[in-house]
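Quick notes on the structure that follows.
Naming: A, B, ... by sequence-line order, numbering from 1 per chain. Predicted, not measured: the structure shown is a model, and the values here were computed from it. Both backbone and side-chain heavy atoms feed into the values below; hydrogens, waters and symmetry mates do not.
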Amino acid sequence: MNIKLVKEDIESALIRQLERISGEDVKKCYQCGNCSAGCPVAYAMDVPPAQMIRFLQLGRGGEAFGAGSMWLCVGCLQCYSRCPKNVSAASLFEALRQMRLRSGGGHEEVREIPLPFLKGAPQQALVCGFRKLVG
Amino acid sequence: MSEHAQYEQTGAFEPKIMAFVCNWCTYAGADLAGTSRLEYRPNVRIIKLPCTGRIDPLFIIKAFENGADGVLVSGCHPGDCHYTTGNYHARRRWIAFKSLMEFTGIDMRRLHFSWVSASEAIKWVDLINGITEEVKILGPFVEYKGLKGEENG
Amino acid sequence: MMKIPYYPGCTLNTVAKGLDTSARESAAALGFEMEELKGWNCCGAAFPLTPDNLIGLTAPAKVLLNAKKEGGGSVMTLCSVCYNVLKRTNRVLRDDKEKRSIVTGFIEEDYDGSIDVIHYLEVLRDRVGFEKIKEAVKRPLKGIRAGAYYGCMLLRPFKEMGIDDHEAPTIMEGLLRALGCEAVDFPDKAECCGAHLAMTRTDIVERLSGNVMRSAAGRGAELIVTSCPLCQYNLEKSQKKTLEETPGYREVPVVYFTQLLGLALGQDEDTLGLGKNLWDIRPLLKSKGV
Amino acid sequence: MARIGVFVCQCGNNIEGTVDTKKVAEEAQKLPGVVYSRNYKFMCSSPGQEMLKEAIKKHRLDGVLVSACSPHMHEKTFRKASDAAGLNPFRCEMANIREQCSWVHHDRTKKTGTVKGNDLTRMAIERLKRNRPLKKINIPVTRRALVIGGGIAGIQAALDIAEGGREVILVEREPSIGGNMARLSETFPTMDCSQCILTPKMVEVELNEKIKLYAYSEVEKVDGYIGNFTVRIRRKAKYVDEDLCTGCGECIEKCPFKAGSEFELGLTSRKVIYTPFPQSVPNIPVIDAPNCPKFQKDKCGACAVVCGPKAIDFKQKDTVVEEKVGAVVVATGYQMMPNERFGEYGYGRFKDVISGMQFERLASSSGPTGGEIRRPSDGKVPETVVFIQCVGSRDEAKGVSYCSKVCCMYTAKHTMLFRHKVKSGQAYVFYMDIRAGGKRYEEFVRKAIEKDGAMYLRGRVSRVYEKDGKVVVCGADTLSNSQVEIEADMVVLATAVVSRKGSDGLARTIGIGSDRHGFYNEYHPKLKPVETVNAGIYLAGACMGPMDIPESVNMGSAAAGKVLGLFSSEEMAREPIVANVNERVCNACWDCVVACPYSAIERFTVKNGQGDVMGMHAKVNEGVCQGCGVCVAACRSKAIDLAGYTDEQVFAAINAF
């Protein structure tokens with residue numbers, strides 16, 4: 001990958017908006033990798049949490065939005081509870097989702113969800129899932 | 001035309017500024033402005049004290065009484081005080097004193113409080129030029145001079 | 001009899017009925033009554049992860065408001081997720097005046113976060129006491145090696161939940177021992193089960209829940225207890241896959257901690273809803289002579 | 001009427017260029033009290049100074065004003081010249097017409113500069129008229145030092161001061177000196193054995209006649225000021241008579257009871273009567289009373305039975321001694337952060353998760369395993385060891401924002417020691433950054449990687465759990481962007497260096513500052529690194545912040561140098577710019593006491609001959625006062641003034657404005 005770094009990207013409105021929504025300051029992260037180490041779904045992510053924050057630090061919103069990682073984070077808060085800098089990667093993932101959902105993009109179509117699941121699953125799974133994944 | 005021309009007495013009002021500064025930071029900063037040959041308005045007269053914490057509010061009133069049109073108090077930056085906490089005392093005193101001065105009718109643009117370190121010659125220059133300009137616009141401060149006159153007379 | 005206002009939440013009214021009924025029966029046996037809130041709504045099933053999402057706080061705020069109006073100084077939950085959402089929302093309303101005014105403005109009634117949100121487990125530990133439960137046990141679950149699965153929502157974030165140490169919790173083990181079980185400690189007891197990914201990514205849930213179950217079974221757990229209906233669902237369901245993939249793995253029943261409590265207190269297996277489980281606990285009980 | 005002489009310097013053309021010095025001198029001459037005034041090319045030159053001296057004598061001047069450069073430049077020069085001519089140096093004053101006039105106002109017509117030069121000179125003359133002759137203050141100095149803490153920094157300071165010929169009292173809290181360094185196996189980057197280089201120094205302390213060692217003692221109180229401190233030291237009961245004990249060790253041998261060894265960090269146990277380690281200095285055992293059945297149940301007493309010289313004394317009590325010293329070196333060291341705060345790493349729950357300091361003991365040939373690396377759970381030699389750096393350090397969530405500075409180096413050392421002792425072993429190191437700034441440090445770390453094959457992983461560990469006799473480490477390697485899992489036999493945590501428990505209490509006792517982490521504050525972070533705000537009290541070693549052995553030794557020597565400098569004469573002269581109290585005006589409101597940054601003002605009780613209390617007033621300790629004048633401005637009744645900067649002087653200058 002070749003990234004051309006420019007000040008305008010690093011200070012871009014997009015990143016600031018993500019910070020505002022998430023309540024996080026990406027500069028605080030010093031890239032220790034603890035979030036990626038403890039994240040239960042990082043193995044399935046194309047961009048694991050620490051790297052996602054790194055992209056945001058570099059002003060690369062495109063890479064962060066382009067990755068599917070945000071749809072995998074379930075908010076278990078393992079990252080946040082062990083972060084030495086009190087940064088919540090989960091909040092940043094949620095902010096990415098929120099921005100995507102607010103702009104009309106959704107991740108899942110309700111009709112694609114299997115009927116047996118809809119019948120048998122606890123309501124909370126559906127409520128929570130719909131809130132996080134469906135626009 | 002050389003720069004000094006603008007400072008020459010042209011009959012216009014030239015304010016007198018009195019500066020109370022601490023020995024370790026601001027006095028040294030003002031010295032540095034000299035060694036760096038920076039130029040600034042000649043309206044200021046410095047009185048050196050060991051620390052801004054030594055400054056009695058009465059000094060300021062006396063300065064006004066003796067013809068100062070503006071007064072500056074300047075010392076080390078918070079945390080840099082040569083005497084550890086002297087400038088914090090000065091700041092606390094200043095906060096209390098400021099409202100009192102306002103109450104007595106002194107325009108707060110005549111009274112300035114600043115931190116200038118031993119390395120901040122440029123800040124010192126800008127500060128003096130700024131205050132001189134500001135006080136010049138305000139015109140002479142006469143209320144307290146009158147008081148002295150009465151007392152002496 | 002001590003009365004404690006109780007918020008069941010959606011899932012306990014339907015899929016997780018067993019969690020509800022077993023808890024009520026056990027409470028009665030232990031000397032307190034769970035008084036269901038007259039008016040309640042869904043808590044939203046997820047505390048908003050971003051601080052600017054205030055709309056997500058309105059539903060739980062409404063629940064808390066009703067609880068206060070009904071006169072209790074506290075409200076108790078059973079479901080880990082409800083507990084998490086209500087407790088954290090309550091804290092926001094208590095500590096953040098600005099957010100409180102927006103949220104309460106939206107629900108058109110003020111609520112100041114003044115009630116306490118507590119979990120059934122806390123009542124057992126702090127108000128009833130494990131010692132007293134031990135005395136009340138009629139059917140000691142001797143010889144059963146049970147593992148306690150905490151999941152995420154009961155414990156994290158620690159600063160806000162504070163029910164127990166978030167890295168090495170022991171509250172459920174304390175209960176298990178009081179019931180006569182042998183509590184099995186296993187490393188993955190606070191790892192994620194996959195949660196709502198059950199909806200879209202069963203492969204991930206199977207892997208995460210499978211890890212939890214293998215970790216527990218590896219330490220000799222014959223039974224898992226939990227306090228979250230979604231964890232229960234995931235841990236139970238994913239085992240089909242685990243059985244296929246893991247040689248030597250045998251299914252492990254996953255029940256609510258209240259079901260085990262009810263059992264030990266001598267309640268009827270049917271009213272506890274044990275029959276609804278995918279993996280039946282009863283053969284285990286039989287084999288242990290309980 | 002005053003007899004003032006005024007000397008206006010041209011400074012070549014530096015002043016003369018924009019200030020008409022002749023005119024300034026003429027204007028000054030007109031002022032009342034000025035009897036002599038002139039300008040001169042270079043006042044600071046020898047002829048200039050001579051001229052000044054002559055004028056003082058010839059015109060019987062009682063005050064001299066030099067209108068020249070900044071007093072920061074030449075005040076000392078002219079005061080010295082005045083003194084030589086018999087004029088009190090504080091009757092010599094300067095007006096700054098160069099740095100603050102001629103150099104900053106470039107008006108070549110000299111109009112601007114001359115106006116200002118006149119003003120500055122006039123103001124200074126009016127001030128000078130009110131200058132009182134002042135005498136330098138002489139303070140007697142007790143040429144004897146107290147060193148608190150017998151770690152390597154304290155040992156170094158004590159030895160250097162003793163070497164300089166002065167007496168030292170060395171106070172150590174533990175039964176033996178040596179500190180944390182005594183625990184270490186080898187030292188980076190040279191890999192020489194810690195005890196081999198430390199023990200000779202400890203023995204030197206014991207043999208040095210100038211050093212009085214109070215082991216198993218604590219400083220309770222420090223009163224006084226530079227040159228004149230009184231120290232109260234509590235000597236904890238050892239239950240062993242130091243004068244009788246020969247250090248034979250028979251009692252330790254025969255003691256049937258055991259307790260966890262503090263020195264070995266719980267890796268093994270020690271007897272209830274013990275010395276921390278075999279090379280202890282002094283080699284006198286102490287009885288751990290809370291764990292001793294003799295004290296708890298009045299049983300046993302075996303030690304007393306076997307002791308030949310009858311040195312065991314169960315009835316011994318704490319004693320308090322008072323010592324007079326002129327300077328204090330604080331060298332109380334550090335401790336490691338309690339690992340229990342790391343639930344995710346399982347310290348305290350998993351036996352094979354140990355701290356770096358415990359690893360030092362495992363690797364030390366005098367340690368519990370005789371230097372073999374054996375894990376605590378089953379004594380097996382571990383093949384795979386994971387080292388985790390920054391456990392606590394740089395972890396704001398756990399309250400430590402700083403870098404502990406030594407962990408990168410000692411972890412590299414650990415991997416080498418491990419590899420040297422377990423040839424087939426593999427070491428893994430989780431790190432965030434490698435900080436190896438120091439002579440031969442970077443090369444040392446590279447050697448650990450390149451020669452001894454330590455696998456360095458850039459990332460942090462999320463959690464550790466036990467599985468089938470292994471400790472599984474789950475971490476991230478951010479360079480390959482992957483989660484990594486290592487089944488290790490043992491995990492070593494490089495825990496943070498933190499201040500000693502109770503360090504802030506000691507700071508209050510001795511009147512020095514500490515930061516929010518409990519480390520002591522130096523006077524100036526760059527230019528006065530061993531001094532404290534309390535004159536005469538110096539710092540050495542890691543009580544100031546994390547530091548390694550060479551730095552601690554540096555600081556110990558530096559502090560000793562400062563102490564010896566202070567002790568170079570029996571009296572200490574200091575500038576007389578100090579506050580003084582007009583006792584009759586003082587109404588004892590104590591605002592000054594509160595305001596003083598140096599605790600230099602005391603509440604003084606006046607008593608008559610019969611000892612009746614007649615009143616109270618503030619009293620300035622001239623030895624401690626630094627002359628800032630904060631008290632003067634704080635005093636409501638104008639009872640305090642500051643010599644050299646009196647209200648009278650300042651008002652005179654303002655009035656001449």
Side-chain angles (χ1 to χ4, degrees), chain A residues 1-3 22-58 60 63-64 66-70 72-93, chain D residues 337 339 341-347 386-404 407-408 428-435 456-465 472-486 488 491 493-496 498:
Chain A
M1 193 188 297
N2 183 335
I3 296 178
S22 65
E24 300 295 331
D25 176 356
V26 295
K27 287 193 297 301
K28 265 172 72 184
C29 169
Y30 58 28
Q31 287 292 316
C32 72
N34 205 336
C35 47
S36 292
C39 176
V41 289
Y43 79 93
M45 288 179 171
D46 39 1
V47 175
Q51 197 190 16
M52 190 271 303
I53 299 176
R54 186 65 190 151
F55 278 132
L56 298 181
Q57 287 175 333
L58 295 173
R60 307 293 294 185
E63 274 80 357
S69 308
M70 65 174 113
L72 296 182
C73 170
V74 294
C76 77
L77 297 185
Q78 201 67 278
C79 51
Y80 174 57
S81 74
R82 288 176 183 156
C83 177
K85 299 284 292 173
N86 287 323
V87 176
S88 172
S91 296
L92 286 162
F93 278 128
Chain D
M337 181 190 245
N339 304 31
R341 283 196 224 168
F342 294 87
E344 62 266 47
Y345 296 159
Y347 185 89
V386 173
F387 296 86
I388 307 177
Q389 292 196 176
C390 295
V391 178
S393 314
R394 304 173 67 193
D395 191 334
E396 284 166 23
K398 299 253 180 356
V400 172
S401 51
Y402 57 85
C403 163
S404 290
C407 327
C408 286
Y428 296 91
V429 179
F430 282 93
Y431 72 99
M432 294 202 285
D433 298 284
I434 295 178
R435 292 176 176 177
Y456 270 65
L457 300 154
R458 203 230 159 263
R460 235 176 135 101
V461 172
S462 177
R463 68 171 179 142
V464 172
Y465 64 91
V472 184
V473 177
C474 307
D477 174 47
T478 60
L479 299 180
S480 67
N481 215 358
S482 44
Q483 290 181 322
V484 290
E485 201 174 285
I486 302 164
V491 171
L493 309 179
T495 39
V498 296

| request: Under 4.5 Å, counting heavy-atom pairs only, tell me which of A/C83, A/S81, A/C39 racks up the most with chain D. | output: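 If we count pairs closer than 4.5 Å to chain D, A/C39 comes out on top.
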
| said: Heavy-atom pairs under 4.5 Å with chain D - which of A/C32, A/G38, A/C79, A/A42 has more of them than the others? | reply: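 Heavy-atom pairs under 4.5 Å are most numerous for A/C32.
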
Where do [X] and [Y] come nearest, in terms of heavy atoms and distance?
| X | Y | answer |
| --- | --- | --- |
| D/R458 | A/Y30 | NH2-O, 3.7 Å |
| A/A37 | D/C474 | CB-O, 4.3 Å |
| A/S36 | D/Q483 | O-NE2, 2.7 Å |
| A/N34 | D/S462 | OD1-CA, 3.3 Å |

| said: Among D/G343, D/G475, D/S482, which residue has the highest count of heavy-atom pairs closer than 4.5 Å to chain A? | reply: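 If we count pairs closer than 4.5 Å to chain A, D/G475 comes out on top.
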
| query | Hey, which residues of residues 386-394 of chain D are touching chain A, say heavy atoms under 4.5 Å apart? | reply |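 So far as heavy atoms go, D/R394 are the residues that approach chain A to under 4.5 Å.
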
| chain A heavy atoms under 4.5 Å from D/V484: which part of the residue, side chain, backbone, both or neither? |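 Neither the backbone nor the side chain of D/V484 comes within 4.5 Å of chain A.
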
| message | If I measure from the heavy atoms of chain D, does A/C35 come under 4.5 Å with its side chain, its backbone, both, or neither? | response |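 Contact with chain D is absent: no heavy atom of A/C35 under 4.5 Å.
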
| task | Enter the distance from A/R82:CZ to D/R460:CZ here, rounded to the nearest 0.5 Å. | result |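 Between atom CZ of A/R82 and atom CZ of D/R460 there are 11.5 Å.
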
| What residues of residues 45-52 of chain A sit under 4.5 Å from chain D when you count only heavy atoms? |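 When heavy atoms of chain D are the reference, residues 45-52 of chain A contributes A/P48, A/Q51 within the under-4.5 Å range.
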
